[in-house]
Amino acid sequence: MKNSKELIVIIDGNSLINRAYYAMQRPMITKDGMYTQGIYGFLNMLEKIKKDYDPDYMVVAFDVKAPTFRHKQYEEYKAGRRKMPPELAMQIPVLKEVLDAMNIGMIEMEGFEADDLIGTISKRAEEQDKRVLIITGDKDALQLAGDNTGVLITRKGISQFDLYDRKAFVEKYGFEPINFIDCKALMGDQSDNIPGVPGIGEKGATKLICQYATIEEIYEKIDEVEPNGTRTKLMDNYSIAFMSKRLATINRNVPIETDFEKYRCVEADYAKLIEIYKRLEFNSFLKRLDIPQEQSKNQELETYKVKVIGRDISEDDFLKEITGKEPVGLRIYSDHSHMKAPELDAFAIFAGNTVFCGHDFSALVKLADRIDETKTYIYGHGIKNEIYDLMHIKDMKFFVSFDTEIAGYVLEPSASDHSLETMAAEELGVSMKQENEGQIGMFEDFEESIEDMASLEFAVINRLMEIQKERLKAEELTEVFEDAELPLIEVMASMEKVGFTLDQSYLKKLGDEFAKREAELTERIYQLAGEEFNIKSPAQLGPILFEKLGLKPAKKTKRGYATGAEVLEKVKDKHEIVPLILEYRKLTKLSGTYVDGLLPMVAEDGRIHAAFNQTVTATGRISSSSPNMQNIPIREEPGRLIRGAFVPANENYVLVGADYSQIELRVLAHMSGDEALIDSFNRGLDIHRATASRVMGIPEDEITSQQRSDAKAVNFGVIYGMSSFGLSSELGITRKDAEKYISDYFEKHIAVKEFMDEQVRYCKEHGYVKTILGRKRHIKEINASAYMVRQLGERLAMNTPIQGSAADIIKLAMIRVYNALRGMKSKLLLQVHDELIIETSRDELDQVKEILRDSMENAMKLAVKLVVDLNTGENWLDLK
DNA sequence: GCGAGCCA
DNA sequence: TGGCTCGC
């Protein structure tokens with residue numbers, strides 16, 4: 001429906017944010033305690049409106065707190081309406097900031113409601129021959145519908161809505177929009193506390209208005225009105241009806257300016273908008289930002305000369321060109337596949353202010369040769385992928401000078417996303433949206449798209465690199481970046497490339513056994529339940545346990561009974577079925593994740609090539625995915641058998657595992673300088689037993705295994721930042737006892753207490769904490785106003801230096817091990833937080849053990865010795 | 001405490 | 001999307 005008239009969209013700001021707020025089931029809250037779901041929902045709606053209607057003008061009307069003329073007429077007006085919760089009220093000023101940054105007009109006026117402003121603007125707009133679209137959650141505005149004025153009423157939250165113009169309104173109600181006020185005068189409105197005529201409801205009112213149109217007309221012809229009851233009610237409430245009408249009538253003559261040019265839609269101020277979105281943690285909006293050319297700082301980005309190898313420059317000349325001392329930028333466009341050798345599409349090299357693009361696989365081989373021979377330093381964004389690809393071409397040593405993804409991570413490890421697109425938008429205000437995004441090589445001119453993309457990517461990477469280098473230096477992060485993170489990239493790529501052989505027939509057999517036991521359990525559970533049902537569904541399991549079998553429900557969730565392991569564990573002895581369900585759960589998890597999940601991940605070479613990610617965790621640890629090799633079961637019997645499926649390449653190899661003994665507690669001893677802790681480690685004591693002995697004042701040889709395990713839980717609590725609440729449920733004691741336990745612990749470890757307090761104090765002052773290598777983690781939660789959030793922040797502040805420093809140490813050790821193994825047959829396969837797994841050639845066994853012990857124990861000099869336990873085995877299960 | 005992955 | 005469970 002094309003229309004030459006200009007369109008003005010008028011939004012009822014209060015109404016819409018209110019709808020948005022209540023439409024969102026879960027609260028959205030930023031790390032520093034700002035509620036955002038109202039704004040979020042509002043902006044989603046706004047985006048949709050812009051997209052669907054492409055308005056020429058836009059204005060958002062707000063209510064002002066001051067009383068309006070309606071309150072003066074009728075004190076009870078809007079009384080009894082539930083007060084806006086402070087979590088929502090605080091969002092309105094921020095919403096206004098966002099709208100301001102978007103350059104969307106706003107209007108509010110003392111003494112008038114948003115409705116009146118909307119009514120007035122729409123009237124003036126109609127007079128100026130514009131089309132109007134009113135967006136609100138309030139049906140009152142329907143009275144404004146006209147031939148050129150649409151009213152869009154949100155419904156069921158904000159995703160659905162009804163759109164009325166005059167015609168649609170008449171069709172639905174049977175009378176003119178303007179008479180909606182007469183209808184309301186009769187039937188009243190609870191939400192606004194408009195009384196209406198008692199005894200006349202929606203049906204009666206509609207019928208009367210269809211017949212008489214206005215209440216004036218009704219009273220004019222009151223004698224005709226039927227039935228008698230209705231007439232009596234009307235006659236008894238004459239003044240109420242007219243007052244109600246006055247209250248319901250939108251004032252369309254508010255004294256406002258009528259120059260709408262200031263409401264004309266123009267581009268947002270993206271710099272401001274980005275700042276606010278970052279503050280509100282609206283990452284999805286950030287990513288979607290479509291920054292126009294003239295505002296995008298793209299223009300500030302350099303554009304480079306592009307040369308296509310084989311077309312603009314010969315391969316030989318290209319290779320000569322990149323043989324300088326300067327580091328070169330490298331991008332490889334490939335699928336980086338972990339299931340087979342990666343499929344290489346193209347590559348781009350940035351050198352001498354020129355982007356060289358190549359599509360020829362043989363050129364890549366020569367490129368690898370050249371980088372290897374001349375020891376050319378490379379840089380890029382997420383260059384692990386490039387290294388991974390090149391490793392398939394050639395076994396070589398890489399010299400990495402910079403990686404913008406890793407730098408972004410070191411600068412802000414808790415950021416959720418370090419992709420080039422996001423960082424370009426956040427740091428440079430540059431949109432990297434490309435016309436042919438995601439369609440490289442499928443449509444359009446393949447050559448041209450690679451060239452454009454590479455050119456833009458290098459412009460962004462180069463610019464980011466400049467900024468990041470400064471920031472790394474200013475924030476004293478160069479040590480962790482250069483000594484740990486950069487050299488680690490090649491190690492990670494290598495672990496991905498090498499992979500871990502999976503004994504598929506072993507695993508299948510194990511899977512069959514799981515399935516057999518699963519079938520037995522299923523049958524028995526059905527028997528005990530007296531019916532067949534889906535055991536995996538908490539919705540079905542809940543009623544069976546807690547209603548049919550009469551077990552006592554301990555907890556409830558939103559929909560039904562909680563059936564988590566913690567709950568079931570408590571009623572384990574109450575019914576035979578419960579332990580079976582627990583076992584069934586574990587078994588299905590095992591077969592789903594570790595049997596059926598693992599088998600399809602075996603690559604063509606019979607090995608599993610997991611991905612290792614260096615930019616995910618907030619503490620500095622690395623993570624693993626596809627599959628996650630860091631959570632393969634170990635604690636319990638059937639699960640740990642999975643480890644038996646991970647085997648060396650062939651009979652010439654064995655596995656060697658090397659794990660740090662109590663690294664986190666040793667780090668704590670070192671960082672806090674706690675004499676008792678240091679002494680225990682130096683004497684080589686069982687640390688949990690020693691802790692129990694100190695805290696309880698009992699000689700070590702009298703510590704029971706229960707006491708030892710309690711102390712172990714406390715030590716864990718210290719490492720993982722557990723709360724007294726967490727500790728109490730872990731130990732099955734009351735919160736009070738847990739608090740007592742913790743305070744006893746601190747009494748005997750005063751330096752640890754002081755260390756913890758200092759971390760919190762430092763974090764409150766600086767907003768971050770640091771690890772041994774100077775790695776930082778910003779913790780916004782530390783200054784949150786909400787108690788729970790602040791508590792969390794304090795635990796993070798205490799716990800991150802310990803976990804993060806341990807992560808630092810292991811990273812240094814990995815780099816040492818990897819470099820020491822260079823040129824040998826033995827390869828580093830995995831890192832599981834405090835242990836390394838090496839596939840070891842039997843003839844290198846002694847040497848590998850020596851390398852591991854030396855590299856790991858001397859990775860860093862601490863106040864306590866770093867102790868490494870070595871194990872050798874024919875499969876991963878053997879390494880215990 | 002942090003992360004990954006499966007299932008409904 | 002959230003509940004659940006695995007690891008450290």
Side-chain angles (χ1 to χ4, degrees), chain A residues 24-26 28 413-414 416 533-542 555-569 581-598 600-601 610-636 638-640 642-643 659-665 667 712-713 715-727 729-730 756 759 769 777 779 781 791-804 806-807 810 830-836 876:
Chain A
M24 205 80 75
Q25 303 90 329
R26 292 183 52 72
M28 280 175 71
S414 351
S416 55
F533 66 103
N534 187 351
I535 309 167
K536 285 172 212 152
S537 157
Q540 292 182 40
L541 180 61
K555 236 170 51 179
K556 284 200 140 195
T557 52
K558 276 173 204 152
R559 295 206 207 303
Y561 306 97
T563 62
E566 217 170 306
V567 179
L568 294 191
E569 204 66 41
I581 287 166
L582 285 167
E583 191 186 348
Y584 176 88
R585 280 248 181 92
K586 284 190 172 152
L587 223 46
T588 48
K589 166 88 178 177
L590 288 176
S591 32
T593 306
Y594 302 109
V595 179
D596 303 338
L598 232 35
M601 300 217 186
F612 292 95
N613 203 316
Q614 208 177 334
T615 63
V616 168
T617 72
T619 53
R621 282 181 167 181
I622 61 177
S623 76
S624 160
S625 57
S626 320
N628 181 351
M629 293 297 288
Q630 296 179 319
N631 72 345
I632 307 291
I634 186 165
R635 277 170 225 213
E636 286 169 315
R640 66 187 305 152
I642 306 273
R643 295 191 170 219
D659 62 295
Y660 277 116
S661 158
Q662 306 295 349
I663 188 162
E664 277 103 347
L665 287 176
V667 164
K712 188 174 172 183
N715 280 332
F716 259 74
V718 172
I719 295 167
Y720 293 133
M722 203 184 272
S723 57
S724 59
F725 181 76
L727 183 65
S729 65
E730 177 80 11
M756 296 296 180
Q759 299 310 307
V769 286
R777 174 182 184 180
I779 301 173
E781 291 91 334
Q791 285 289 104
L792 169 67
E794 291 181 5
R795 292 202 300 275
L796 293 177
M798 296 188 272
N799 149 258
T800 299
I802 305 172
Q803 256 198 60
I810 300 159
L830 289 184
Q831 183 250 51
V832 188
H833 305 310
D834 68 349
E835 69 172 321
L836 302 179
W876 198 1

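Each chain gets a letter, A, B and so on, in the order its sequence line appears, and its residues count up from 1.
- A:E664 pairs by the side-chain hydrogen bond (donor to acceptor under 3.5 Å, both in side chains) definition with A:R621, not counting sequence neighbours.
- If you check every strand for non-hydrogen atoms under 4.0 Å, A:N799 touches nothing.
- The side-chain contact (heavy atoms from CB on, under 4.5 Å) test applied to A:Q759 returns A:F755, A:V769, A:P801, not counting sequence neighbours.
- In this structure, the CG atom of A:L590 is 7 Å from the P atom of C:dC6, given to the nearest Å.
- Listed candidates were C:dC6, B:dG1, C:dC8. Nearest to the side chain of A:D834 is C:dC8.
- For A:R635, a side-chain nitrogen or oxygen approaches OP1 or OP2 of C:dC8 to under 4.0 Å.
- At a threshold of 4.0 angstrom between heavy atoms, the contacts of A:E664 with the nucleic acid are absent.
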Identify all pairs in which a protein N or O lies below 3.5 Å from an N or O of nucleotides 6-8 of chain B, and state each distance.
none

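- B:dG1 atom P lies 11 Å from atom CD of A:E781, rounded to whole Å.
- Residues passing the side-chain contact (heavy atoms from CB on, under 4.5 Å) test with A:A611, sequence neighbours excluded: A:H338, A:E496, A:S625.
- Residue pairs meeting the salt bridge (charged side-chain N to carboxylate O under 4.0 Å, His left out) criterion with at least one member in residues 584-597 of chain A, sequence neighbours excluded, are A:K586-A:E636.
- Within residues 612-630 of chain A, the residues that have a heavy atom under 4.0 Å from DNA chain C are, in order of number, A:R621, A:Q630.
- Protein atom CG of A:D659 is 15 Å distant from nucleotide atom P of C:dG7, rounded to whole Å.
- A:L796 comes within 4.0 angstrom of the backbone, heavy atoms only, and of no base.
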